[in-house]
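A quick write-up on the structure given underneath.
First the proteins, then the strands, lettered A, B, ... as listed; each starts at 1.
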Protein chains: 2
Amino acid sequence: MAFSKLERSTAAAQVLEALREQILSGDIPGGEQLRQERIAEELGVSRVPVREALNQLEAEGLVRIVSHKGAVVTRLSLDELREAYEIRAQLEAWLLRLSIPNLAADDFLRAEAILAELDAAAPEQWSDLNWAFHVALYRPAARPQAVSIARKMYLNAYRHLPVPARVMGHRDRMQREHRSLLRLCRERDVEGACRALDAHIADAAAGLIAVLSSGPAAEAAVKTRKKKGRSE
Amino acid sequence: MAFSKLERSTAAAQVLEALREQILSGDIPGGEQLRQERIAEELGVSRVPVREALNQLEAEGLVRIVSHKGAVVTRLSLDELREAYEIRAQLEAWLLRLSIPNLAADDFLRAEAILAELDAAAPEQWSDLNWAFHVALYRPAARPQAVSIARKMYLNAYRHLPVPARVMGHRDRMQREHRSLLRLCRERDVEGACRALDAHIADAAAGLIAVLSSGPAAEAAVKTRKKKGRSE
DNA sequence: CGATCGTATATTGGATCCAATCGGGAACGC
DNA sequence: GCGTTCCCGATTGGATCCAATATACGATCG
């Protein structure tokens, strides 16, 4: 079995965590059917906590449940992906605008530390570190709900990027954009920083959409894997 | 029992719908403990679908579940309420900006019909109609996720407005603001309309916050009711 | 030969039963 | 008198069992 029986709080919470992790990482690709029985036995619990977790995931928009048919991992259309990035751009630009005047030396240090970490990190960590960098810049804005929404949009889009496209990805370019964004924040150039942030997000969107629309081959490869069974 | 056994899809979905309705309408006030047993017998189902519904509500942020202690209806702090309105303002201004150039005669007609309906409607319908008006203006933007987020923020804030404050509320003022906003949209005055919308939302926020911070009496009255039991 | 209806099976939805945990109160000791 | 400990009731979490429903396959009839 692929999972180890963790010992923490409730079984439902563990199942939720495990499933969410696997969905957001792309380990379980969009379109995949989630069978309660299989998940239950893989995690060593009964179907009840699995169902509770699935319900929660549905409310989070990560799976879609149809009565008596089961749960399927959702997949965002190109339009939905575009919109997710647009929403991020709107919210994060606003956050940055609020934040820049109050960014402290501490914040800059942490942001730089994250960038340094990102330079050396393995691809699986890029997503989290990238987001950590963004959030570091928004801390003084003190708008947790907005950050949470933006994060949700970020993760929900990122999982659609096929794994091969992540490693060969545009990390250098991203890092350049990060560093110039950080510089603009240091100079308290609100308008410049917001423009840079907007461009940065638009860039990421364009990259994802380019991969998805030009290379349906990769998508197909991911889809076929679901048929073979993922029980190893 | 307060609920009639509806016959539709699954029991869990019915419970979810019923609970969400009651929470968003303010019928079940924030801070209230939700006992599975009671809800189950009131709706004539077992505790299982109730738990599934509660899990979903937790993911929606309407209740908070603590292990082995139960579910409590969440209550937003003043800061959180302020932020919810700010997020609405950001997203809806963006939506309006996208929308105005493409608003058709049809849209204006529908918006006006909603305003007319609002003039005559009972207080319980104000919330839905108010939102329907806003959404009518955003239709050409074709950004369903953003609308959905804004709606969630709207509903989540509105349920905190004590019922007495709703009826004596500022409907006339709201309607004036609605009509001038609509006029600006007709004139394709993007900047003016966005300013008006921003002011409109800020107004609503100020009203709610004024009621909540000046009149903790009403809040206390609501809280005490929870002790008496709501079984009628 | 094809379409349609029925049945059989797999899978989900729900109910009941049991276990784990929390809260409060009583008994005990200091 | 006050604090501590232990136990009991209440409530939630989880497992097993049963019911309902959808899908697939095959039989029957036109």
Side-chain angles (χ1 to χ4, degrees), chain A residues 1 3-20 23 28 31-60 62-74 226-231, chain B residues 1 3-20 23 28 31-60 62-74 226-231:
Chain A
M1 48 187 84
F3 304 92
S4 56
K5 295 189 194 177
L6 308 172
E7 49 270 327
R8 274 188 45 202
S9 58
T10 70
Q14 294 169 38
V15 176
L16 176 62
E17 208 173 329
L19 285 179
R20 185 162 42 203
I23 293 176
I28 302 181
E32 174 124 348
Q33 267 274 355
L34 299 178
R35 296 291 170 200
Q36 300 177 0
E37 186 74 41
R38 166 202 272 287
I39 299 171
E41 71 182 31
E42 275 183 352
L43 279 92
V45 297
S46 94
R47 275 175 38 218
V48 177
V50 174
R51 277 167 53 185
E52 292 182 14
L54 288 177
N55 276 303
Q56 214 150 333
L57 288 175
E58 190 194 24
E60 293 176 23
L62 293 183
V63 308
R64 171 156 194 184
I65 298 180
V66 219
S67 294
H68 298 99
K69 285 195 52 178
V72 178
V73 178
T74 56
K226 98 179 177 190
K227 282 293 173 190
K228 308 267 307 180
R230 327 175 333 90
S231 48
Chain B
M1 49 185 85
F3 303 92
S4 56
K5 296 189 194 176
L6 308 173
E7 47 272 327
R8 272 189 46 201
S9 57
T10 70
Q14 294 169 38
V15 177
L16 175 63
E17 205 173 331
L19 284 180
R20 184 161 43 201
I23 293 175
I28 303 181
E32 175 123 350
Q33 268 273 356
L34 298 178
R35 297 291 171 201
Q36 300 176 2
E37 187 75 41
R38 165 201 273 287
I39 299 171
E41 71 182 31
E42 277 183 350
L43 279 93
V45 295
S46 94
R47 274 175 39 221
V48 176
V50 174
R51 276 168 53 185
E52 293 182 13
L54 288 177
N55 276 305
Q56 215 151 332
L57 288 174
E58 191 194 24
E60 294 175 22
L62 293 183
V63 308
R64 173 157 193 184
I65 298 180
V66 217
S67 295
H68 298 99
K69 284 196 53 179
V72 178
V73 178
T74 57
K226 98 180 176 189
K227 283 292 172 191
K228 307 267 307 180
R230 330 177 329 90
S231 47

In short, B:A12 meets B:A53 closest at the heavy-atom pair O-CB, 4.0 Å
A:Q33 side chain N/O closer than 4.0 Å to the phosphate oxygens (OP1, OP2) of C:dT11?
no
B:A11 side chain, from C-beta outward: closest of C:dT12, C:dA15, C:dG14
C:dG14
5'-most contact on DNA chain D (nearest-nucleotide basis), B:R35 vs A:P49, goes to B:R35
Closest non-hydrogen atoms of A:V63 and A:L54, given as atom of the first, atom of the second and distance, are CG2-O, 3.7 Å
B:I39 CD1 to C:dG14 P, straight-line distance once rounded to whole Å
16 Å
Whole-Å distance, B:E37 CD to C:dA15 C1', equals 12 Å
Who pairs with A:E58 by salt bridge (Lys or Arg N to Asp or Glu O under 4.0 Å), at least two apart in sequence or on another chain?
none
Can you list everything that forms a side-chain contact (heavy atoms from CB on, under 4.5 Å) with B:R64? Sequence neighbours excluded, please.
B:T74
Residues two or more places apart in sequence or in another chain: which of them pass side-chain contact (heavy atoms from CB on, under 4.5 Å) with A:R47?
A:Q36, A:E37, A:A40, A:R51
Separation of D:dA22 C1' from A:I65 CD1 (nearest whole Å):
16 Å
What is the distance from CZ of B:R64 to P of D:dT12, rounded to the nearest Å?
17 Å
How many Å lie between CD on B:E52 and P on C:dG14, as a whole number?
6 Å
Compare the minimum distances between each of D:dT16, D:dG13, C:dG13 and the side chain of B:T10, then state the nucleotide with the smallest one.
C:dG13
Which residues share a side-chain contact (heavy atoms from CB on, under 4.5 Å) with A:S46, sequence neighbours left out:
A:V48, A:P49
With the side chain of A:R51 defined as its heavy atoms from C-beta on, choose the nearest nucleotide among C:dG13, C:dT16, D:dG14.
C:dG13
Once you round it to whole Å, what is the distance between P of D:dG14 and CG of A:L43?
12 Å
Rounded to whole Å, CD of B:Q36 lies from C1' of C:dG14 at a distance of 14 Å
Taking for each residue the nucleotide of DNA chain C bearing the nearest heavy atom, is the 5' side occupied by A:V48 or by A:G70?
A:G70
Rounded distance in Å - CD (B:E41) to P (D:dT11):
11 Å
Just by protein heavy atoms under 4.0 Å, how would nucleotides 18-24 of chain C read 5' to 3' in B, S and -?
---SSS-
Quick one: which of C:dT16, C:dG13, D:dT11 gets closest to the side chain of B:S46?
C:dT16
What distance do B:H68 atom NE2 and A:T10 atom OG1 have between them, rounded to the nearest 0.5 Å?
7.5 Å
Heavy atoms under 4.0 Å, any strand shown: does B:L54 hit a base, just sugar-phosphate, or nothing?
nothing
